[in-house]
Trainee: 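Got a structure for you, questions after.
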Number of protein chains: 2
Amino acid sequence: MATIRDVAKLANVSTATVSRVLNDNGYVNSETKNRVNEAIEQLRYRPNDVARSLFKGSSKMIALFVPDIKNPFFPELARAVEDVTNQYGYTFVLCNTDDNHEKEITYLNALTQKSVDGFIMVSSTICERHLEHVTSPIISLDRRFSSNISSVTVNNRKGAREATAYLQSIGCKKIAHICGPQTASNSKDRLKGYLDVVKYEAWFHSDFIVAGDYRFKSSYEVTKDLLTKHKDIDGLFVANDLMAVGVLKAAESLNMNIPEQLSVIGFDGIPLGLTTTPSLTTIQQPIYEIGSRAAQILLELIDHPEQQVIHEELEVTLIERDSTKRREEA
Amino acid sequence: MATIRDVAKLANVSTATVSRVLNDNGYVNSETKNRVNEAIEQLRYRPNDVARSLFKGSSKMIALFVPDIKNPFFPELARAVEDVTNQYGYTFVLCNTDDNHEKEITYLNALTQKSVDGFIMVSSTICERHLEHVTSPIISLDRRFSSNISSVTVNNRKGAREATAYLQSIGCKKIAHICGPQTASNSKDRLKGYLDVVKYEAWFHSDFIVAGDYRFKSSYEVTKDLLTKHKDIDGLFVANDLMAVGVLKAAESLNMNIPEQLSVIGFDGIPLGLTTTPSLTTIQQPIYEIGSRAAQILLELIDHPEQQVIHEELEVTLIERDSTKRREEA
DNA sequence: ACCCTGTTTGTAACGGGTTACATACTTTTT
DNA sequence: AAAAAGTATGTAACCCGTTACAAACAGGGT
């Protein structure tokens with residue numbers, strides 16, 4: 001690989017001049033500039049980004065941490081972040097953490113040592129304490145972990161209320177909830193939203209809340225159990241779409257008809273909900289917007305670290321599909 | 001951030017000694033080593049990977065290029081690559097290329113400038129010519145682009161033959177094929193496998209081959225068209241699962257019953273095929289194994305670049321689910 | 001007493017860019 | 001005509017680890 005010194009020699013100038021041409025700053029005579037550019041082309045010279053990073057202390061990379069790349073929510077989000085960061089000349093690094101604290105810390109350290117310029121994190125286990133020694137800006141997504149750290153979220157509680165109220169409005173009499181991991185703040189908020197609506201209902205019972213982990217499999221198993229024990233449940237608000245699809249399959253395996261016997265509503269609005277039969281009613285998050293806003297805010301934070309903390313909350317939308325249906329009065 | 005010089009000063013040794021302690025090579029007196037380790041801890045020193053990379057000319061990063069992160073096939077693959085590379089102390093970079101040649105080249109250049117140590121590529125547009133100036137090892141996945149570049153693939157043609165023959169064996173009389181983008185070698189091979197079986201059938205007609213692009217949406221539309229025009233089609237081999245799910249939904253929208261009226265078989269074996277109703281019969285690829293083998297081979301190639309080119313071909317497996325059914329004789 | 005090998009540590013060059021500062025010449029301002 | 005501002009370019013330090021090489025000393029073998 002040719003270096004800047006090779007170029008300088010061939011063009012008969014100093015490396016400083018070549019650098020000025022490369023970065024288009026400082027004074028360079030236009031004739032000199034041409035000579036340098038010719039040399040660059042002739043040698044197929046490409047500046048070494050590592051050397052540049054070392055001097056600048058910045059790598060032009062940003063990282064996104066997601067708990068589960070197999071949940072279609074996150075590829076969607078990743079696309080958004082990728083689009084924005086690429087647009088601004090950053091390289092995008094995607095890290096899958098499995099919601100595993102050690103893995104998160106390992107990645108955080110490894111990438112900090114690589115002078116990564118900023119982090120976008122979807123994490124349930126990270127809190128301020130772990131980030132004390134991280135000097136690059138961080139933004140939390142989907143889940144919020146400190147008022148000192150910028151975040152982009154949706155109104156989870158309100159969305160959950162809306163979902164639950166919707167089930168009531170179509171005539172569901174006993175509404176259960178499959179919740180996500182209680183370490184995740186969004187999961188807690190969705191549970192709260194559900195409780196806001198049903199807490200004082202006469203039929204309500206804590207058995208109607210069962211714990212999932214945002215994955216398909218757990219939900220499938222937990223739901224089979226729930227629906228076998230409580231045959232009178234006629235509405236189910238599930239904390240995310242992936243688990244809601246597990247519910248659909250669980251009901252199918254029990255020969256329960258959705259939406260005739262049971263109405264199901266999810267949360268997220270991932271494309272997966274369009275591929276099931278019945279298609280999935282859900283609370284749709286503006287996934288792409290969440291990702292792109294987060295990326296934009298992070299990039300601003302990188303350029304202006306003194307800037308104050310921003311918490312942005314986006315709105316969710318109820319999407320009615322075929323997994324819910326108005327219940328006829330008995 | 002503390003530097004190696006700070007540590008050296010505090011421990012009263014030279015930077016060389018600190019470096020020896022850090023990398024555990026060369027001679028260091030055990031007492032000195034303790035002193036250095038204490039200083040490291042006291043200063044919370046972490047070596048700067050960028051400086052290290054600059055000197056070594058290697059960044060301990062490897063990159064995976066995928067055409068569409070939203071296709072669940074690729075997150076699965078990414079997990080495999082991530083697991084292996086992390087295990088060997090590499091940082092994993094995931095790049096979404098949209099099958100866009102320019103984006104691929106841009107990524108390739110950007111990452112080469114960052115001294116990325118190797119590339120795993122799923123690409124339809126890259127050929128040897130574009131890689132001439134890339135000095136780090138490359139392995140192609142899923143698709144094969146040159147005999148000089150190592151690859152890990154599956155036996156696409158054989159799998160396609162198996163799929164098509166299976167449809168015949170359960171009594172399908174007219175079998176159509178939705179193919180993938182014809183730029184992709186795996187897509188071409190799957191078409192060939194289909195043709196191997198049906199080419200000389202009396203009923204065969206080129207109308208029975210329709211072009212998709214491996215995405216859900218195209219397949220949904222194209223299939224509605226196909227099934228409307230050719231109502232006698234009773235078997236459909238679809239080049240990947242994502243499109244096969246599109247077929248399921250298209251048939252649903254036309255009020256066609258799967259598998260009663262039409263048997264559908266996909267290719268890939270992604271988890272999505274388990275969430276549809278009916279669940280999807282498919283040719284399953286060992287996705288995780290493909291990814292992890294590719295990563296392993298790449299890491300070997302990085303350590304021993306002189307090593308000869310390897311082409312590994314893995315086997316696929318037919319998984320019978322509910323989207324296919326033996327056809328009763330009329 | 002001498003040589004050889006092994007141990008311990010330090011000095012300084014190196015990797016490849018960037019930029020503060022110095023120098024020198026040209027043009028503009030007053 | 002002198003001072004100031006603008007243009008053009010080079011020198012060398014700097015970013016921060018790594019390592020070749022040198023130096024110095026201990027212990028073993030002959």
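Just so it is clear, the values below take in all heavy atoms, side chains as well, and ignore hydrogens, waters and symmetry mates. In what follows, every chain begins at residue 1, and chains take the letters A, B, ... in the order their sequences are listed.
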Trainee: Is a side-chain donor or acceptor of A:Asp6 paired with a backbone partner of A:Thr3 at a separation under 3.5 angstrom?
Mentor: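 Judged by distance alone, yes, a pair lies under 3.5 Å.
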Trainee: Below 4.0 angstrom, N of the basic side chain to O of the carboxylate: do B:Arg79 and B:Glu76 qualify?
Mentor: no
Trainee: Which whole-number value in Å describes the distance from B:Ile4 CD1 to D:dT19 P?
Mentor: 11 Å
Trainee: Carefully, step by step, assess B:Leu10 and B:Gln42 under the rule side-chain contact (heavy atoms from CB on, under 4.5 Å).
Mentor: CA-CA 9 Å; B:Leu10 185 61; B:Gln42 208 173 315; 4.1 Å; yes
Trainee: Output every pair passing salt bridge (charged side-chain N to carboxylate O under 4.0 Å, His left out) with a member in residues 285-305 of chain A, not counting sequence neighbours, ordered by first then second residue.
Mentor: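 Passing the test, one end in residues 285-305 of chain A: A:Arg293-A:Glu312.
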Trainee: Whole-Å distance between D:dC16 C1' and B:Tyr45 OH?
Mentor: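 Rounded to whole Å, this separation is 7 Å.
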Trainee: Hey, does B:Asp49 reach any base, or is it just sugar-phosphate, or nothing, if we go heavy atoms under 4.0 Å?
Mentor: nothing
Trainee: Rounded to whole Å, how long is the line connecting atom CG of A:Asn34 with atom P of D:dA8?
Mentor: 13 Å
Trainee: For A:Glu132 and B:Arg44: C-alpha separation, side-chain torsions, deciding distance, then whether salt bridge (charged side-chain N to carboxylate O under 4.0 Å, His left out) applies.
Mentor: CA-CA 12 Å; A:Glu132 269 169 13; B:Arg44 295 174 168 284; over 6 Å; no
Trainee: First and last nucleotide of DNA chain C touching chain B, 5' to 3', heavy-atom cut-off 4.0 Å?
Mentor: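 Endpoints of the contacted stretch of DNA chain C: C:dG6 to C:dG16.
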Trainee: Is the shortest distance from a Lys or Arg side-chain nitrogen in A:Asp68 or A:Arg215 to a carboxylate oxygen in the other one below 4.0 Å?
Mentor: yes
Trainee: Is it true that A:Lys56 and A:Asp117 make a salt bridge, defined as a side-chain N closer than 4.0 Å to a carboxylate O?
Mentor: no
Trainee: Would you mind classifying the nucleic acid contact of B:Thr3 as base, sugar-phosphate or nothing, using non-hydrogen atoms under 4.0 angstrom?
Mentor: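 Sugar-phosphate only.
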Trainee: Output one letter per nucleotide in nucleotides 9-14 of chain D: B when a protein non-hydrogen atom lies under 4.0 Å from the base, S when only the sugar-phosphate is that close, - when neither is.
Mentor: BBBB-B
Trainee: Do any side-chain nitrogens or oxygens of B:Asn23 fall under 4.0 Å of OP1 or OP2 in D:dT18?
Mentor: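 Yes, because at least one side-chain N or O of B:Asn23 sits under 4.0 Å from OP1 or OP2 of D:dT18.
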Trainee: In sequence, state the C-alpha distance, the side-chain angles, and the governing distance for B:Cys95 and B:Tyr107, and then conclude on side-chain contact (heavy atoms from CB on, under 4.5 Å).
Mentor: CA-CA 8 Å; B:Cys95 305; B:Tyr107 266 128; 3.7 Å; yes
